[in-house]
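All remarks here apply to the structure that follows.
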Amino acid sequence: MKTLIAISIITLVALALVSQLHFAHAQLAQQTSAKQYINLRAEVWNEFFRMTTAAFTVGAIVSGTMIWLVWRFRESNPKNKAPTKWEHLDDPTAGSYEEEGH
Amino acid sequence: MVLELQKPRPVWQIMFSTHHTDVGYLYLVFGIVFLFMGGVLAMIIRTHLFFPGQGVLVSDSATFNRIFTVHGLTMLFLFALPVANGIGNILVPIMVRYKDMAYPKLNAIAFWMNPVGAALLWLGFADTTWVSYAPYSIIRAPGPAADMFIFGMKILGISSILSSINFVVTIVKCKHPDLPLRRVPLFAWSMLTVSLMTIVAMPTYAAALIMMLTDRLGLSGFFNPFAGGDPIAYLHLFWFTFHPEVYIFLLPAIGMMYEIIPRFSRKPLYSQASGVFAFVMLGIIGFASWGHHMYSTGMDFTTKVVFMIGTLAAVPASGMHVFNFLATMWGGRIRFAAPMKFAVGGIALFFSAGAGGVLNSAMPLDFISHGTYWVVGHMHLFLIGTIGFGFVAMIYYMFPYITGRMYNEKLASAHFVLMFWGTVQTFFTQHLLGLEGMPRRVYDYPTEFTSWTQLNQISTIGAWMIGASFAIFLASLIYYSAKGKEANMDDPWGIGGKYYYPVEAKNPHGGHSGY
Amino acid sequence: MGHDTAEWVFVAIVIAVLCYVGVDSWIVQKEVEAVPADAEVIKVTGQQWFWSFEHADGTKEISTLHLKKDHAYLFEIYSKDVMHSFNIPDWVVFEDAVPGHTNHAWFAPNEVGTYPIQCREYCGLLHYNMRGSLVVEDDKS
């Protein structure tokens with residue numbers, strides 16, 4: 001869990017930095033080339049690709065977690081033979097995390 | 001009044017009942033019938049767009065415009081709202097431990113307004129699009145279709161206000177005194193949130209509809225620029241109602257997943273408090289973002305920024321729901337029966353649609369995405385991917401309790417696989433079509449861009465898969481409710497533990513004493 | 001680690017990503033909304049179901065718009081009847097034509113070619129066919 005969180009944070013920070021560097025670089029390039037007008041469509045599409053990169057990175061983390069969850073905690077997984085600690089209750093969904101000494 | 005439950009009861013006894021479960025069944029049947037009627041229209045639309053430039057299925061654009069308008073209205077107001085209300089009617093009084101809804105007769109009246117509204121929408125078959133932007137809907141839309149649309153929406157709006165008042169009073173005033181509001185199950189919380197949102201949002205649209213009607217009659221000119229009015233005013237009134245309405249459609253589905261996921265994970269919910277908090281947050285922040293539908297209407301920079309922040313502010317709360325679901329599954333022992341499959345599939349698609357929504361809220365990307373197929377794909381990912389999956393999951397979950405029989409798990413799996421694959425293929429492809437610049441609500445498209453044709457055909461094939469999956473659904477609903485194996489009502493899926501809410505819905509006042 | 005630490009971390013990450021999205025789009029939007037001072041005004045009028053254009057020198061065109069490369073153009077967008085949406089997808093030009101309002105969009109084409117113009121807001125019967133074309137030519141004259 002902790003490593004997963006650490007990895008996600010590092011990825012996201014790296015992602016933010018890389019794209020910002022890219023952005024700053026593009027800005028500089030534009031100033032030096034002494035172009036008359038900003039390239040509107042390039043600006044908007046660059047923004048789009050930065051946003052999609054962010055979305056797909058977060059998406060990869062979340063859907064990766066989901067796929068792992070579904071695979072690991074399905075009841076047919078050999079590692080998952082033992083009943084959860086709430087299953088002895090009348091209604092497992094009515095248990096709580098505190099009483100069970102979590 | 002308590003109806004003695006006989007088996008089987010004559011249909012008229014359910015139809016004229018005011019008991020909450022009976023009204024719930026009526027809502028459910030109504031919603032499912034219109035799901036298939038709207039679905040047929042969707043199949044016509046997609047099949048038509050498979051062949052560009054030939055008008056194979058629909059021979060003129062007037063008919064096509066009417067078809068997609070009624071498809072939208074049907075799916076939103078005759079499928080999504082009634083099914084949410086149906087499940088809400090069945091479960092909410094039991095969840096708050098009250099004998100019925102607070103106002104049983106009002107409840108039945110609210111339901112019986114729906115067929116009337118539906119008849120007006122379907123017999124009128126308007127071509128205004130479901131948003132019916134002024135001034136088209138005022139100066140150009142042909143009557144009497146557009147007028148019937150106005151009256152139909154009016155009646156459906158009043159119906160949803162009445163049922164919302166009923167839900168709020170039932171949950172807040174009629175819940176058992178021993179049950180503090182924060183312990184009320186999250187599905188009932190979702191119904192409480194959406195009911196409050198409806199009461200706040202819907203009157204605005206009701207007013208806009210009256211203004212539109214008088215404009216159409218030529219008595220006033222609120223939205224008619226040729227009589228001194230302003231179409232932008234209509235857009236504000238419309239989206240002030242219908243952006244919150246997005247959450248009104250969405251939150252019951254999330255609430256249903258909160259009922260299903262802990263059950264099939266054999267585990268308590270990760271956090272009741274964060275679920276309640278996220279519902280309330282969405283209920284409030286949902287009202288801060290309507291302007292993102294109007295970036296391109298000549299809005300100034302500051303207003304755009306305000307609405308962008310309002311839109312982004314809703315994301316953490318949605319994220320908390322996703323987190324809550326995943327954390328509940330974590331460490332459980334999950335039985336992937338049909339309801340759980342659909343619920344988990346729904347979470348995955350909810351997340352994808354939400355990520356697309358963050359992109360939409362970024363102001364410059366509006367130049368690319370607004371009014372294109374990107375928006376169509378995005379909103380259908382929410383509507384089918386989250387709401388559709390949540391509702392289908394809940395229908396499978398309630399099936400044994402409503403019919404007393406078990407559905408076929410293999411057919412349900414086939415339904416899930418086809419529907420999930422089809423949804424991804426159809427609507428992810430439509431995102432790409434939007435990036436290629438194809439406008440939405442078009443009868444035909446030029447064939448000189450081969451990528452448009454190809455993407456449309458891929459998307460249509462996905463839509464056929466969804467269609468096939470729902471054919472399986474319909475067949476198995478009908479067949480197994482009559483001929484299925486008798487379900488073990490205490491534990492239809494054999495996952496252990498007691499299921500209080502649905503069991504009591506089947507046998508009100510007879511079974512357990514509840515919590 | 002407490003029961004809800006993970007959730008707080010998750011929410012913090014989400015908020016960080018959203019801040020990034022917000023700031024980045026604020027910067028870009030500010031930049032693309034700044035219209036160059038020397039942009040030439042083109043009046044665009046949408047009506048059911050075609051676009052007409054009027055150049056600064058009074059020349060009028062219907063459906064096909066001829067512009068010069070490396071010039072900035074500011075579109076003044078009007079509508080004669082219902083709402084339309086003026087859109088040149090290849091140049092990311094997009095703004096609604098609202099009757100009773102004047103909306104603006106600008107761009108500076110830097111490539112020669114022919115590009116489709118379309119309507120992106122539902123406007124009735126022939127909405128699908130409300131198409132035109134933009135011809136960007138070399139600035140020889």
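Chain identifiers are assigned alphabetically (A, B, ...) following the order of the sequence lines, protein sequences preceding nucleic acid strands; residue numbering begins at 1 within each chain. Since this is a predicted model, take the numbers as computed values, not measurements.
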Does any heavy atom of chain B fall under 4.5 Å from the side chain of [X], the backbone, both, or neither of them?
X: A/S63; value: neither
X: A/A82; value: backbone
X: A/E47; value: both
X: A/T65; value: side chain

Are the charged groups of B/R333 and A/E87 less than 4.0 angstrom apart, N to O?
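A salt bridge is present here (some side-chain N lies under 4.0 Å from a carboxylate O).
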Ion pair A/D91/B/R263, N-O distance below 4.0 Å
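Salt bridge between A/D91 and B/R263, a charged N being under 4.0 Å from a carboxylate O: yes.
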With respect to chain A, which residue among B/I334, B/I495, B/I368 yields the maximal number of heavy-atom pairs within a distance under 4.5 Å?
B/I334
Please rank B/M340, B/M329, B/Q272, B/R266 by heavy-atom pairs under 4.5 Å with chain A and give me the top one.
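Highest number of heavy-atom pairs under 4.5 Å: B/R266.
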Over 12 foreign heavy atoms within 6.0 Å of CZ, B/F301:
yes
All pairs passing salt bridge (charged side-chain N to carboxylate O under 4.0 Å, His left out) where residues 56-74 of chain A contributes a residue, at least two apart:
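Output for this query is empty, none listed.
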Could you walk me through whether B/W330 and B/F325 satisfy the ring pair (Phe, Tyr, Trp, His ring centres under 6.0 Å) test, starting with their C-alpha distance in whole Å, then the side-chain angles of each, then the deciding distance to 0.1 Å, before giving a yes or no?
CA-CA 9 Å; B/W330 196 295; B/F325 292 138; over 10 Å; no
Listing request: all side-chain hydrogen bond (donor to acceptor under 3.5 Å, both in side chains) pairs with a residue in residues 314-325 of chain B, at least two apart in sequence or in separate chains.
B/Y258-B/H321, B/Y258-B/N324, B/S274-B/N324
Is there side-chain contact between A/M66 and B/L326, with at least one heavy-atom pair below 4.5 Å?
yes
Heavy-atom contacts under 4.5 Å, residues 350-363 of chain B to chain A
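Residues in range: B/F351, B/A355, B/L359, B/A362.
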Could you list the residues that satisfy ring pair (Phe, Tyr, Trp, His ring centres under 6.0 Å) with B/F307, not counting sequence neighbours?
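Counting only residues at least two positions away or on another chain, B/F307 forms a ring pair (Phe, Tyr, Trp, His ring centres under 6.0 Å) with B/W290.
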Would you check if the distance from the ring center of B/Y396 to the ring center of B/F342 is below 6.0 Å?
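B/Y396 vs B/F342: aromatic centres under 6.0 Å.
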